[in-house]
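The structure under discussion appears below in the form of structure tokens.
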Amino acid sequence: MSLTVYNTRTRRLEPFVSQTPGLVKMYVCGVTVYDYCHLGHARSYVVWDVVRRYLEYLGYDVQHVQNITDIDDKILRRAQAEGVPMQVITERYIQACTEDLARLNILPAKDTPRATETIPEIIQLIQRLETLGYAYASGGDVYYAVERFPGYGTLSGRSLEQMQAGASGRVDDEIAHKRHPLDFALWKAAKPGEPAWDSPWGPGRPGWHIECSAMIYKTLGPSIDIHTGGSDLIFPHHENEIAQSEPVTQKPLARYWLHNGFVTVAGEKMSKSLGNFRTIRDVLTEYAPMALRLWILQSHYRQPIEATPPALQAAQSGWHTLQQAVWLGDWDAVPTVPKDDLDPQVRTEFETAMNADFNTPAAVAVLFGVAKQLKRLAHSGNGHRHTPEFQRLWRTLVYLGQTVLGLKFDPPPASTPPQVPDISEEIAALIAQRQEARRQKNYAEADRIRELLAAQGIRLVDKPGGVTEWYRE
RNA sequence: GGCGGCAUAGCCAAGUGGUAAGGCAGAGGUCUGCAAAACCUUCAUUCCCCAGUUCGAAUCUGGGUGCCGCCUCCA
């Protein structure tokens, strides 16, 4: 069976066939850099990272481009609020988001174009649209005329009439300049004090949607294989991208449109406006980055996932379980595990799952199955870890987990964890006292001391050889 | 109002006609004086409700109920 993906544009599963054999052009809608990334971003970019990794596993060269929106109303507002130049804001959050995504082991895109570095191409594209009659200048702005594009609404499955009815009552300050309420800005005239670029329509800046059309054309060409983003981008953002690009190129902007479901909180979409978001860096103070990644991959990417402490905790425990199995093998070999000689049955099960529209929950379940097998083998007798069977399963787990799903395994914990040095002499004395009591089999006294220390938040762990380790709870 | 999605064990979650994956938690056990850790075993006659199609339905059809999303910036 080969890879099948759900295409938003057709609303059905379709076999994936790239335009050029062996090559996939993939564009991921990136972040607008005006704040820290939250769990919604984490989900989206983890999911697309796995899509990329799996395509590479299948042997494709993936040209993965992810843009950075570094000019936008919200950025300007933030800069104004802080009284700093726009670049201070954008640089701060570009760096922060890059760090956050790297901690989640998300591979960097091969190209990360920025809107502010694509201005000439944006202007060129708007001019083309104007020449072709799809754009009109009005009041210093330039707008896209949605009525000129017959295909408008095909991606999101709605008609202009429907949307107009729904949008009635909504008024923005641009409405006076528009011919149709759903027309959208390609170019915005600069307001005093705002960053601006010269253009045939006067100083101004690009609208939000046009940058993606221009950047795709610039970096990947007129027609790409996969375009991805959150479901909230289907309309209007991606719809508008199509409208801006296709009249000019006369080609489908993207053959496959993939969209991920939302992260929810108490059943509602996590979003800035609702104030129910948690930033990635905040969550990572409580949970391991790979636990967060596992949590994301244990749901299908198109389903909503509810961000709750029990769910994240469960992922944390599950992550530990997987790592236990990896730690049974030779850690030094982890970075260099090759793709070949994987267990054929496991490989088939894994691929069957992933081929079904990237069914990562099923794929993860396959890996848990391998982990279980490894544990059985490891605990069933001597020499087991050196058998070819064990070695192959172990390599399979490491390769599929780490390289394809991007779950980066930690080194095994040191056999003797270092004790925290701030131990007070009193505690040390009590531990010594208890060890003496144990030696004399005076367990009542030993337990008394255990409980005494437990009351102070000190937990004791007895190891073989009469060694007692301790840590604060 | 228009369009779309979802409802599976205590929690999370796969599964689109052939008799319920996986994770977490729980229970029992092994090993340790106890505890912890680790490992083993176990855990849905049933898939929101009602009716229908079928030899057979969580999966298809019709009708309900509940929840969510998009239509405005948003991953």
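Checked against side-chain hydrogen bond (donor to acceptor under 3.5 Å, both in side chains), A:E436 has the following partners two or more places apart in sequence or in another chain: A:R439, A:Q440. Partners of A:A102 according to the side chain to side chain contact (heavy atoms under 4.5 Å, CB included) rule, which considers only residues two or more places apart in sequence or in another chain, do not exist here. Looking at residues two or more places apart in sequence or on another chain, you find a side chain to side chain contact (heavy atoms under 4.5 Å, CB included) between A:S159 and A:E161, A:Q162. Every residue two or more places apart in sequence or in another chain that forms a side chain to side chain contact (heavy atoms under 4.5 Å, CB included) with A:E445 is listed here: A:Q433, A:A437, A:N442, A:R448, A:I449. Applying the side chain to side chain contact (heavy atoms under 4.5 Å, CB included) test to A:R53 and every residue at least two apart in sequence or in another chain returns A:D49, A:N105, A:L107, A:R293. Applying the ring pair (Phe, Tyr, Trp, His ring centres under 6.0 Å) criterion to A:H64, with sequence neighbours excluded, gives no partner residue.
Between the side chain of A:D141 and the backbone N or O of A:A189 there is at least one donor-acceptor pair closer than 3.5 Å. Checking side-chain atoms of A:S231 against main-chain N and O of A:N260 turns up a donor-acceptor pair under 3.5 Å. Counting only distance, with no hydrogens or angles, the side chain of A:D183 and the backbone of A:Y143 share no donor-acceptor pair below 3.5 Å. In this structure, A:R281 contributes its side chain and A:A96 its backbone to a donor-acceptor pair below 3.5 Å.
Rounded to whole Å, the distance from CG on A:L367 to P on B:rC24 is 13 Å. If you measure from atom CG of A:D232 to atom C1' of B:rC73, you get 10 Å, rounded to the nearest angstrom. Separating the CG atom of A:D100 from the P atom of B:rA75 is a distance of 14 Å, rounded to the nearest angstrom. Here B:rC73 presents its C1' atom at 16 Å from CD1 of A:I234, a figure rounded to the nearest Å. If you take CD of A:E239 and P of B:rU72, they are 12 Å apart, rounded to a whole angstrom. Put simply, CZ on A:F235 is 6 Å from P on B:rU72, counting in whole angstrom units. Separating the CG atom of A:N276 from the C1' atom of B:rG69 is a distance of 13 Å, rounded to the nearest angstrom. Counting to the nearest Å, the C1' atom of B:rC73 and the CZ atom of A:F184 are 15 Å from each other.
Nucleotides B:rG26 and B:rG63 have their C1' atoms positioned 39 Å apart, rounded to a whole Å. Atom P of B:rC40 sits at a distance of 11 Å from the matching atom of B:rC24, rounded to the whole Å. One P atom belongs to B:rG69, the other to B:rA21, and the distance between them is 33 Å to the nearest Å. The separation of B:rU19 from B:rU46, taken at their C1' atoms, amounts to 11 Å, rounded to a whole angstrom. For the C1' atoms, the distance from B:rU42 to B:rA51 is 38 Å, rounded to whole Å. To the nearest whole angstrom, the two C1' atoms, one in B:rU59 and one in B:rC6, are 15 Å apart. Rounded to whole Å, the separation between the P atoms of B:rG29 and B:rU8 comes to 33 Å. Comparing B:rG5 with B:rU45, their C1' atoms sit 30 Å apart, to the nearest whole Å.
Contact annotation: A:K272 side-chain N/O to B:rA75 OP1/OP2 distance is not under 4.0 Å.
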Next item on the list: Sugar-phosphate atoms are those with a prime plus P, OP1 and OP2; base atoms are the rest. Using that split, label each nucleotide of nucleotides 2-16 of chain B B, S or - for protein heavy atoms under 4.0 Å, 5' to 3'.
Entry: BS--S------SSS-
Next item on the list: Would you mind building the protein contact string for nucleotides 25-42 of chain B? One character per nucleotide, 5' to 3', B for base within reach (heavy atoms under 4.0 Å), S for sugar-phosphate only, - for untouched.
Entry: S-------BBBB-SSSS-
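Counting any heavy atom pair closer than 4.0 Å across all strands shown, A:G40 reaches a base atom. Using a 4.0 Å heavy-atom cutoff across all strands shown, A:L233 reaches sugar-phosphate atoms only and no base atom. Counting non-hydrogen atoms under 4.0 angstrom, A:G261 reaches a base of the nucleic acid. Within 4.0 Å of A:F262, counting heavy atoms only, lies at least one base atom of the nucleic acid. Within the 4.0 angstrom heavy-atom criterion, no nucleotide atom of any strand lies near A:V366.
In this structure, A:K272 satisfies the cation-pi test against A:Y34, with its NZ or CZ atom closer than 6.0 Å to the six-membered ring centre and inside 45 degrees of the ring normal.
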Note to self: Can you give me the dot-bracket string for RNA chain B, 5' to 3', counting Watson-Crick and G-U wobble pairs with both distances under 3.5 Å, using [ ] for crossing pairs and | for partners on another strand?
What the structure shows: ((((((((.[[[..)..(...]]].(((((.......))))).....[[[[[..)....]]]]])))))))....
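Applying the side-chain hydrogen bond (donor to acceptor under 3.5 Å, both in side chains) test to every pair with at least one member in residues 398-408 of chain A, sequence neighbours left out, gives no pairs at all. Residue pairs meeting the salt bridge (Lys or Arg N to Asp or Glu O under 4.0 Å) criterion with at least one member in residues 354-369 of chain A, sequence neighbours excluded, are A:R302-A:D357.
One finds no salt bridge joining A:E14 and A:R9 here, because no Lys/Arg side-chain nitrogen approaches an Asp/Glu carboxylate oxygen to under 4.0 Å.
Nearest to the side chain of A:F368, among B:rC71, B:rG23, B:rA75, sits B:rG23.
In this structure, A:H209 has its ring center under 6.0 Å from that of A:F184.
When each of A:N7, A:D232, A:T8 is checked for a side-chain hydrogen bond (donor to acceptor under 3.5 Å, both in side chains) with A:H259, only A:T8 meets the rule.
Only at 4.0 angstrom or more do the heavy atoms of residues 396-411 of chain A sit from any atom of RNA chain B, so none qualifies.
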